[in-house]
There are 2 protein chains.
Amino acid sequence: MISISAQSEQLMQAFQSGFEQSSFSNGERQIMLHAVEVFSRKGFVGTKIKDIAQSAGFSQGYVYTYFKSKEDIFTRIAALASGGAGRAVRYAAQLRGTAIERIGWLTEAFLSPDSLAMQHWRLMLLLSSATDAIPDEAKRISKERQAEPIEAFIPLIIEGQNEGDVVQGDPLMLALAYFSMVQGVGLARLQTTMPLPFPTAEVVLRLLRKNG
Amino acid sequence: MISISAQSEQLMQAFQSGFEQSSFSNGERQIMLHAVEVFSRKGFVGTKIKDIAQSAGFSQGYVYTYFKSKEDIFTRIAALASGGAGRAVRYAAQLRGTAIERIGWLTEAFLSPDSLAMQHWRLMLLLSSATDAIPDEAKRISKERQAEPIEAFIPLIIEGQNEGDVVQGDPLMLALAYFSMVQGVGLARLQTTMPLPFPTAEVVLRLLRKNG
DNA sequence: GTCTATATGCTGATAGAC
DNA sequence: GTCTATCAGCATATAGAC
């Protein structure tokens with residue numbers, strides 16, 4: 001049984017999109033922070049500049065002091081968010097421990113019901129659905145970074161196979177299975193408000209574990 | 001190894017949302033069919049009535065002959081689409097075969113790269129993201145039917161456990177794990193255009209199979 | 001730094017012609 | 001059955017006041 005550890009907490013920080021820490025001016029960060037929340041509830045087209053401004057406590061026109069357009073806000077958010085998963089995998093890869101342990105910590109971070117982790121999945125969803133209605137630039141960036149987590153995960157799988165903890169098989173296919181599952185759990189969590197016995201990290205690891 | 005069978009093909013028909021077969025008048029069906037496609041690309045707010053009309057080869061105003069509003073179109077689509085997964089599970093449950101066999105056929109139908117199956121996942125995605133921007137009635141209906149596939153799947157799991165093919169454990173948790181995974185693969189497929197070794201039914205079944 | 005006012009364009013929905 | 005014309009409302013982005 002894997003328990004929430006110091007490693008997992010550090011990992012979650014890497015996972016999260018990092019709007020807070022970024023080097024923005026005050027108004028800029030304030031607007032970004034609220035824009036993330038509104039966009040993830042209403043989508044790109046459904047979000048009106050007025051919604052973001054009101055949420056952040058500014059007037060509608062003030063938003064244009066910091067951002068050129070609605071597309072601009074969205075694209076900057078997409079750029080920050082789409083780096084999260086890859087960052088988390090790279091962070092996990094360089095922790096000390098066996099490969100399967102590190103994969104376990106990573107999985108806990110991904111599946112955390114923490115609100116910032118959930119926000120990540122909401123944003124990923126946004127970037128995957130209604131793709132003809134989101135800015136091209138945002139799409140480009142998110143597509144560009146899409147392979148990052150998978151590529152960084154493959155060495156971990158190979159290590160795990162060499163250590164005898166991970167099943168044999170094409171590492172790329174195993175990585176895709178892993179991320180499909182993790183993403184699916186993230187999505188499932190978003191779809192319901194009821195407290196249900198969602199798959200734990202241990203269950204997800206059954207996909208990879210030898211003698212699962 | 002499970003191969004595409006007569007069972008799987010029948011199953012896919014149950015899975016698919018059934019806009020074609022439904023008892024609509026000609027213009028009505030024509031519009032619905034195109035509306036599904038446009039909505040799934042542009043989302044609810046991003047889709048303009050003109051887009052649907054043009055796609056179906058009608059004038060903008062003509063759409064209102066059959067549909068009261070944009071919400072009306074979307075809600076009717078949501079109603080048809082949100083029944084698909086439950087229908088497929090119920091169909092699978094009453095096939096002849098061991099539980100794990102029937103689950104295998106079902107999984108093949110869910111993971112089929114068939115365009116109508118993909119459309120199902122695109123619509124599910126639409127109903128799960130930007131939820132503050134889709135009609136309340138559509139949300140209500142889709143939420144109402146959300147539990148159907150899981151409820152219908154649980155007896156299959158229990159059967160499989162009794163037959164010794166499925167791992168022990170809370171059947172609800174196993175069902176949630178299964179649907180998370182299936183959904184995750186559907187989503188992963190939508191996210192990329194490249195031909196990648198996406199998890200097959202056999203890989204998904206590792207989550208459930210005893211001595212996987 | 002922050003707000004108000006406004007121009008400009010688009011969209012949903014209706015009415016009515018053919 | 002199908003289209004054209006049109007209205008009323010709203011949203012983005014800008015200009016300029018304080």
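Lettering follows sequence order; numbering is per chain, from 1.
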Novice: Whole angstrom is fine here: how far is it from OH in A:Tyr66 over to C1' in D:dT12?
Specialist: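 Interatomic distance, OH of A:Tyr66 to C1' of D:dT12: 20 Å.
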Novice: Figure out the CZ/P separation between A:Phe44 and D:dA11, and round it to whole Å.
Specialist: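 A:Phe44 atom CZ is separated from D:dA11 atom P by 14 Å.
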Novice: Can you check the B:Asp51 CG to C:dC10 C1' distance for me, whole Å?
Specialist: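 Result: 12 Å.
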Novice: If you find the nucleotide of DNA chain C closest to A:Thr65 and the one closest to A:Gln60, which residue's nucleotide is nearer the 5' end?
Specialist: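 On the 5' side of the pair lies A:Thr65.
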Novice: CZ of B:Phe58 versus P of D:dG1: gap in Å, rounded?
Specialist: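 Answer to the nearest Å: 11 Å.
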Novice: Any Lys/Arg nitrogen of A:Asp51 or A:Lys48 sitting under 4.0 Å from an Asp/Glu carboxylate oxygen of the other?
Specialist: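 The answer is no: the pair does not qualify as a salt bridge.
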Novice: Specify the separation, in whole Å, of atom CZ of A:Phe74 and atom C1' of D:dT12.
Specialist: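 Result: 17 Å.
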Novice: Rounded off to whole Å, could you give me the NZ-to-C1' distance for the A:Lys70 and D:dT14 pair?
Specialist: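 Going from A:Lys70 (NZ) to D:dT14 (C1'), I get 17 Å.
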Novice: For the residue pair A:Glu137 and A:Thr75, confirm or rule out a side-chain donor-acceptor distance under 3.5 Å.
Specialist: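 The criterion, which ignores hydrogens and geometry beyond distance, is not satisfied for A:Thr75 and A:Glu137.
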Novice: Would you say A:Lys48 places a side-chain N or O within less than 4.0 Å of OP1 or OP2 belonging to D:dA11?
Specialist: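 It does not, given that no N or O in the side chain of A:Lys48 lies less than 4.0 Å from OP1 or OP2 of D:dA11.
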Novice: Please report the distance, rounded to the nearest Å, between CD1 in B:Ile49 and P in C:dC10.
Specialist: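 For the pair B:Ile49 CD1 and C:dC10 P, the rounded distance is 17 Å.
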Novice: Could you grab the distance from atom CG of B:Leu123 to atom CE of B:Met118, nearest 0.5 Å is fine?
Specialist: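 Rounded to the nearest 0.5 Å, the CG-CE separation comes to 12.0 Å.
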Novice: Output the single nucleotide from D:dA11, C:dC3, D:dT4 whose closest atom is nearest the side chain of A:Lys50.
Specialist: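 Nearest to the side chain of A:Lys50 among the choices is D:dA11.
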Novice: Please tell me if A:Tyr64 has a side-chain N or O lying less than 4.0 Å from either OP1 or OP2 of D:dT14.
Specialist: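 False: A:Tyr64 side-chain N/O out of range (4.0 Å or more) of D:dT14 OP1/OP2.
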Novice: From the list C:dC3, D:dT4, C:dG12, which nucleotide is the closest neighbour of the side chain of A:Ser59?
Specialist: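 Closest of the options to the side chain of A:Ser59: C:dC3.
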Novice: Consider salt bridge (charged side-chain N to carboxylate O under 4.0 Å, His left out). Of A:Arg76, A:Lys68, A:Lys70, which one does A:Asp72 pass it with?
Specialist: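 When salt bridge (charged side-chain N to carboxylate O under 4.0 Å, His left out) is applied between A:Asp72 and each of A:Arg76, A:Lys68, A:Lys70, only A:Arg76 qualifies.
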Novice: Write down the distance between CZ (A:Phe67) and C1' (D:dT12), rounded to a whole number of angstrom.
Specialist: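 Rounded to whole Å, this separation is 16 Å.
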